[in-house]
Amino acid sequence: MGSRFNQRDQKRKVNKIYNIAITIVSILIVIVAVTIFLSDGGTETKKATTEPKQIAETDKGKEVDKPAGKEEETDSEKEDAVGDSEATEEDAEKVDSKATEEDAVEKAEDGADPEKAGDAELVEVEGSGDGNVAATYTSEGWKPVGTEQSGDHTTSFEKGSVDWNEMSKAIASGAGIDEGSMKLWWLQNGGSPSTAIGTVSEGDNPKTFRVYIEWVDGSGWKPVKVEELKTNDKR
């Protein structure tokens with residue numbers, strides 16, 4: 001009887017020891033697991049924190065290499081841009097050249113523009129009432145054309161004379177026509193010894209002008225009035 005109690009008591013003690021041991025082992029396992037978990041989490045956090053800094057420092061200290069293909073594409077794009085720019089400039093030059101040529105053609109076709117005769121600014125004034133006159137102009141900018149003559153002046157209507165040539169020059173200046181391409185259809189006395197009237201056109205252009213000139217002592221002939229005619233009455 002006593003031995004049975006001893007056996008039971010012994011078994012209880014053994015079971016108690018086992019239970020204590022199991023509990024201790026379980027606690028140790030939990031502690032170890034928690035420690036490992038916390039240790040791994042801290043390492044990953046530190047790693048995640050330090051890696052961007054390292055990358056940033058690397059980028060700051062070293063320029064990132066670009067793919068060779070992209071560099072080639074960039075160079076090609078630059079060359080294309082330069083080519084387009086040159087092509088645009090060439091096109092602009094062609095347009096300007098074409099516009100200049102067209103202006104030259106228009107001027108050649110229209111002949112002299114009475115409103116832009118020479119460098120003088122013309123002002124349209126009331127005409128004489130002549131039915132063949134389309135418009136009448138005068139200008140404060142007209143100046144004597146100069147002369148080679150000296151002494152008392154005598155108007156000469158002899159073709160080729162010094163006075164004739166100087167009158168032609170003044171008439172061309174008033175009409176705004178180049179003297180080399182001017183056709184002098186008629187040159188006559190203007191009603192006094194110091195005045196003359198010339199009817200002119202430029203080349204084959206049908207536009208005709210009647211130019212009034214007067215003599216200025218020591219300075220030569222000077223345009224005073226220009227009439228743009230509807231038709232050439234001296235042809």
Side-chain angles (χ1 to χ4, degrees), residues 96-235:
D96 292 340
S97 177
K98 186 175 181 181
T100 303
E101 290 176 359
E102 290 177 353
D103 290 342
V105 171
E106 289 178 0
K107 288 180 180 178
E109 291 176 351
D110 294 340
D113 186 348
E115 294 186 1
K116 298 178 181 178
D119 295 330
E121 181 178 354
L122 303 187
V123 178
E124 186 170 1
V125 297
E126 186 176 354
S128 61
D130 188 335
N132 191 35
V133 175
T136 303
Y137 301 93
T138 187
S139 174
E140 295 181 356
W142 282 327
K143 305 294 181 184
V145 296
T147 181
E148 298 177 1
Q149 304 175 67
S150 60
D152 294 335
H153 174 259
T154 302
T155 303
S156 172
F157 292 98
E158 181 182 351
K159 188 174 182 179
S161 66
V162 173
D163 201 47
W164 174 282
N165 293 337
E166 291 179 354
M167 284 191 287
S168 296
K169 185 176 181 180
I171 290 168
S173 175
I177 297 174
D178 181 73
E179 191 176 0
S181 60
M182 183 182 73
K183 281 187 176 182
L184 181 58
W185 295 96
W186 193 260
L187 181 58
Q188 66 185 53
N189 183 280
S192 71
S194 60
T195 61
I197 303 171
T199 302
V200 297
S201 64
E202 184 174 21
D204 295 329
N205 195 307
K207 188 178 287 187
T208 309
F209 303 98
R210 184 186 293 149
V211 184
Y212 295 75
I213 59 176
E214 68 178 11
W215 174 260
V216 178
D217 285 335
S219 299
W221 291 96
K222 169 188 172 183
V224 293
K225 184 174 70 173
V226 175
E227 292 176 340
E228 182 180 346
L229 303 181
K230 296 178 181 178
T231 60
N232 187 346
D233 56 1
K234 302 299 182 182
R235 183 185 289 273

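Hydrogens, waters and symmetry mates are skipped; everything else that's a heavy atom, side chains included, is used.
Scanning all heavy atoms of the two residues, the minimum distance from Ser139 to Glu121 falls at OG-O, 2.9 Å. For the pair Ile213 and Ala170, the tightest heavy-atom approach, listed with the atom from each and the gap, is CG2-CB, 4.0 Å. Residues Ser156 and Ser161 share a closest heavy-atom pair of OG-OG, 3.3 Å. Nearest heavy atoms, Thr138 versus Val224: OG1-O, 3.1 Å. Closest of all the heavy-atom pairs between Val145 and Lys169 is O-NZ, 3.7 Å. The two residues Gly198 and Leu184 have their closest heavy-atom pair at CA-CD1, 4.4 Å.
Atom OG1 of Thr195 and atom CG of Asn189 lie 5.5 Å apart (nearest 0.5 Å). In this structure, Asp217 CG and Ser194 OG are separated by 8.5 Å, a value rounded to the nearest 0.5 Å. Residue Asp163 holds its CG atom at 8.5 Å from OG1 of Thr154, rounded to the nearest 0.5 Å. Going from atom CD1 of Ile177 over to atom CG of Asn205 covers 8.0 Å, rounded to the nearest 0.5 Å. Between Asn132 atom CG and Lys230 atom NZ the span is 7.0 Å, to the nearest 0.5 Å.
A heavy-atom distance below 4.5 Å is found between the side chains of Val133 and Arg210. Looking only at side-chain heavy atoms (C-beta outward), Ile171 and Met182 come within less than 4.5 Å of each other. Two residues are said to be in side-chain contact when any heavy atoms from C-beta on lie closer than 4.5 Å; Glu228 and Lys207 meet this criterion. Here the side chains of Asp204 and Lys183 are in contact, with some heavy-atom distance below 4.5 Å.
A donor-acceptor pair under 3.5 Å links the side-chain atoms of Thr155 to the main chain of Pro193, judged by distance alone. Of the possible donor and acceptor atoms, none in the side chain of Asn232 sits under 3.5 Å from a partner among the backbone N and O of Pro206.
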Exercise. Assess whether side chain to side chain contact (heavy atoms under 4.5 Å, CB included) is satisfied between Glu227 and Ser128, documenting all intermediate values.
Key: CA-CA 9 Å; Glu227 292 176 340; Ser128 61; 3.6 Å; yes

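A ring pair (Phe, Tyr, Trp, His ring centres under 6.0 Å) check over residues 165-192, counting only residues at least two apart or in different chains, returns nothing. Among pairs with a residue in residues 146-177, those fulfilling ring pair (Phe, Tyr, Trp, His ring centres under 6.0 Å) read His153-Trp215, His153-Trp221, at least two apart in sequence or across chains.
Heavy atoms of other residues, nucleotides or ligands lying less than 6.0 angstrom from NZ of Lys234 number more than 12.
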